[in-house]
Amino acid sequence: MTETTRDFIRQIIHDDLLSGKHEQIVTRFPPEPNGYLHVGHVMSICLNFGVGQETNGKTFLRFDDTNPGKEREEYVRAIERDVHWLGFDWGDRLTHASDYFDRLYESAEKLIENGVAYVDDLSADEIRAHRGTLTEPGTNSPYRERSVDENMNMFRRMRAGEFADGTHLLRAKIDMASPNMNLRDPALYRIRHIDHQRTGDKWCIYPMYDFAHTLSDAFEGTTHSLCTLEFEDHRPLYEWFLDQLQPENRPRQIEFSRLNLAYTITSKRQLNNLIEKSVVTGWDDPRMPTIAGMRRRGYSAAALREFVKRGGVTKKDKLIEMGVLENCVREQLGDSAERRMAVLRPLKVVLTNYPEGQVEMMAGHNHPNRPELGTREVPFSRELWIEQDDFLEEAPRKFFRLKPGGEVRLRSGYIIRCDDVIKNDAGEVVELHCSYDPDTRSGTGSSDRKVKGTIHWVSAAHSVPAKVRLYDRLFTIPDPTTADDVMDVLNPESLQTVQAMLEPSLKNLADGEAVQFERLGYFCTDSEEHTSEAPVFNRIVTLRDSWAKLERQAMQQS
RNA sequence: UGGGGCGUAGCCAAGUGGUAAGGCAUCGGGUUUUGAUCCCGUGUAUCGCAGGUUCGAAUCCUGCCGCCCCAGCCA
């Protein structure tokens, strides 16, 4: 039972090491720099780099930059930052597919020499028409039987820039009748008169993914090329390239299922769409399932790694519940985050029997389960803010908070009783008049009196106003991809901004430090917009809330 | 209707012929100056369905059903 169970990929790798097939494992994470990395990538990163670490092997961070025009330097930098932040180090193994353009070109010529690649003059539309369908075989291109010399000549002229985009295409000569569409003479090189972000104007022909990827793996000495399930159909092509070119190193491709998170999307196209339609503010919007977004939201790298670990590595399609991720985030923060008090939706409380002008410094414990974290001073005075939700004029039976005539403990303070409810002309509660019991000061021997509820508070005169953003899931259904248009299932309440009141110690919070606002959740300052003059906090995740659950159940029953 | 892959509890997931681990969620209960944390307890999973082989099948065989992926000069 204590025997560690390995996922099927690690098992294969383990066996290859034991059998002596490989002495050292080499993996790689090969993103295309055409967008930001998201949760799905986290899994691939953790798998590839994780295997590298566990086996004392090597892992490359390789940018798959074979499609100039769609790829940008901004994305390259963002990807590097994200992988690094997640806790992984590629050392000197940072590469680009474009590093191999020369070798790739040579390999293409070799295929032509071997008579297994040809230049096609058909247009894109004609090629599509010749490809056949899923159930019908394709037909050969009339240019398929060109001589090696003619192909070589044409290919060199392609490279020399003699032809316009789309007029010619280098194709592998495999089998137009193959039931596997990827083997119906797939494209190898296309003409694209466009500068490449790294090679400038050196090339006007660019290799396709399958060709560039397979050979890049081989060139770098990859032993296990781990990718997602949709590439399973490409494996025969991957093998074909290796068979034809016989590189010194022969990598093995193994596929696993992607990680899908409920209530989110992970398609770069759709994510980009959210940005363009201003549904979110950018790739790093705290609601985005991107690494940058989750980091800004306040999720830790450790929580993300743990999340991926719990998901496992298999070949089964998965849609993991949000709760699993949130739980990893909470678990990590529960231990580390210090406690503070803040009131999100303030309701004024006046302690009528508390001396006017008096201020007491109460000792707030920084962490209930870690006394070594000490205490901080929290000012207490006659006028306080409490949470609107913590008062109910007509409270249900198990409402352990404030109600007319009722008592609650103010956390780290005194027990108070609600004597009067002040309302405005509209009948809304605007203020509470309460009295405090001087014998119940927190931490003193005479504070033994018990009341059912404890609520948080902030001294009005000492409070620090702050903008606090409350985030929720971006979509209203577990699998937004099943909607006709994801715009139809957006959660209108994915972001609520409130003007909150914070306890004064929060003014000195270090950048990036997460704290728990007691009874509310975990929060951190926003890395982009927060200043000490105008504080902006993000809610990382709420606390578990069994009261909210009870309410929900009560609602459903009535 | 061609090819490839996958089907074990609400969500993940072990298990590879000997009678179904674990995590999360759920539901009880205890502790608690956070309705948090923590602790204890809690699951009739017809192992997609139907046959077959076997003393014995989630595991082997046959047939069926369901879901996902593939017809970019994207990756």
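Throughout, a chain's letter reflects where its sequence line sits, starting with A, and its residues are numbered from 1.
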Is there a side-chain contact between [X] and the phosphate of [N], meaning an N or O under 4.0 Å from OP1 or OP2?
X        : N     : result
A:Lys309 : B:A13 : no
A:Arg401 : B:U34 : no
A:Lys450 : B:U33 : yes
A:Arg235 : B:G4  : no
A:Lys316 : B:U8  : yes

**Prompt:** Can you tell me how far the OG1 atom of A:Thr375 sits from the CE atom of A:Met362, to the nearest 0.5 Å?
**Reply:**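 One finds 12.0 Å between OG1 of A:Thr375 and CE of A:Met362.
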**Request:** Would you mind calling B:G63 syn or anti? Take O4'-C1'-N9-C4 for purines or O4'-C1'-N1-C2 for pyrimidines, and syn is within 90° of 0.
**Result:**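 Here the answer is anti: the torsion falls beyond 90° from 0.
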**Request:** Look at the aromatic rings of A:Phe101 and A:Tyr206 and report parallel, tilted or perpendicular, splitting at 30° and 60°.
**Result:** perpendicular
**Asked** With no hydrogens and no angle check, do the side chains of A:Tyr75 and A:Glu80 hold a donor and an acceptor under 3.5 Å apart?
**Response** no
**Of the listed nucleotides B:A36, B:C12, B:G2, the one nearest the side chain of A:Arg339** = B:A36
**Request:** For the side chain of A:Arg190, starting at C-beta, report the closest nucleotide among B:U8, B:C73, B:U33.
**Result:** B:C73
**Message:** Looking at every non-hydrogen atom in both residues, tell me the closest pair between A:Leu237 and A:Asn182 and how far apart they are.
**Reply:**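 Shortest heavy-atom separation between A:Leu237 and A:Asn182 comes out as CD2-O, 3.8 Å.
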**Request:** Using a strict 4.0 Å threshold on nitrogen-to-oxygen distance, state whether A:Asp120 and A:Arg171 make a salt bridge.
**Result:** yes
**Message:** Tell me whether the ring of A:Tyr209 lies stacked over the B:A75 base, given a 5.5 Å limit on centroids and a 30° limit on the plane angle.
**Reply:** no
**Interface with RNA chain B, restricted to residues 64-75 of chain A and to heavy atoms under 4.0 Å** =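 Contacting residues: A:Asp64, A:Thr66, A:Asn67.
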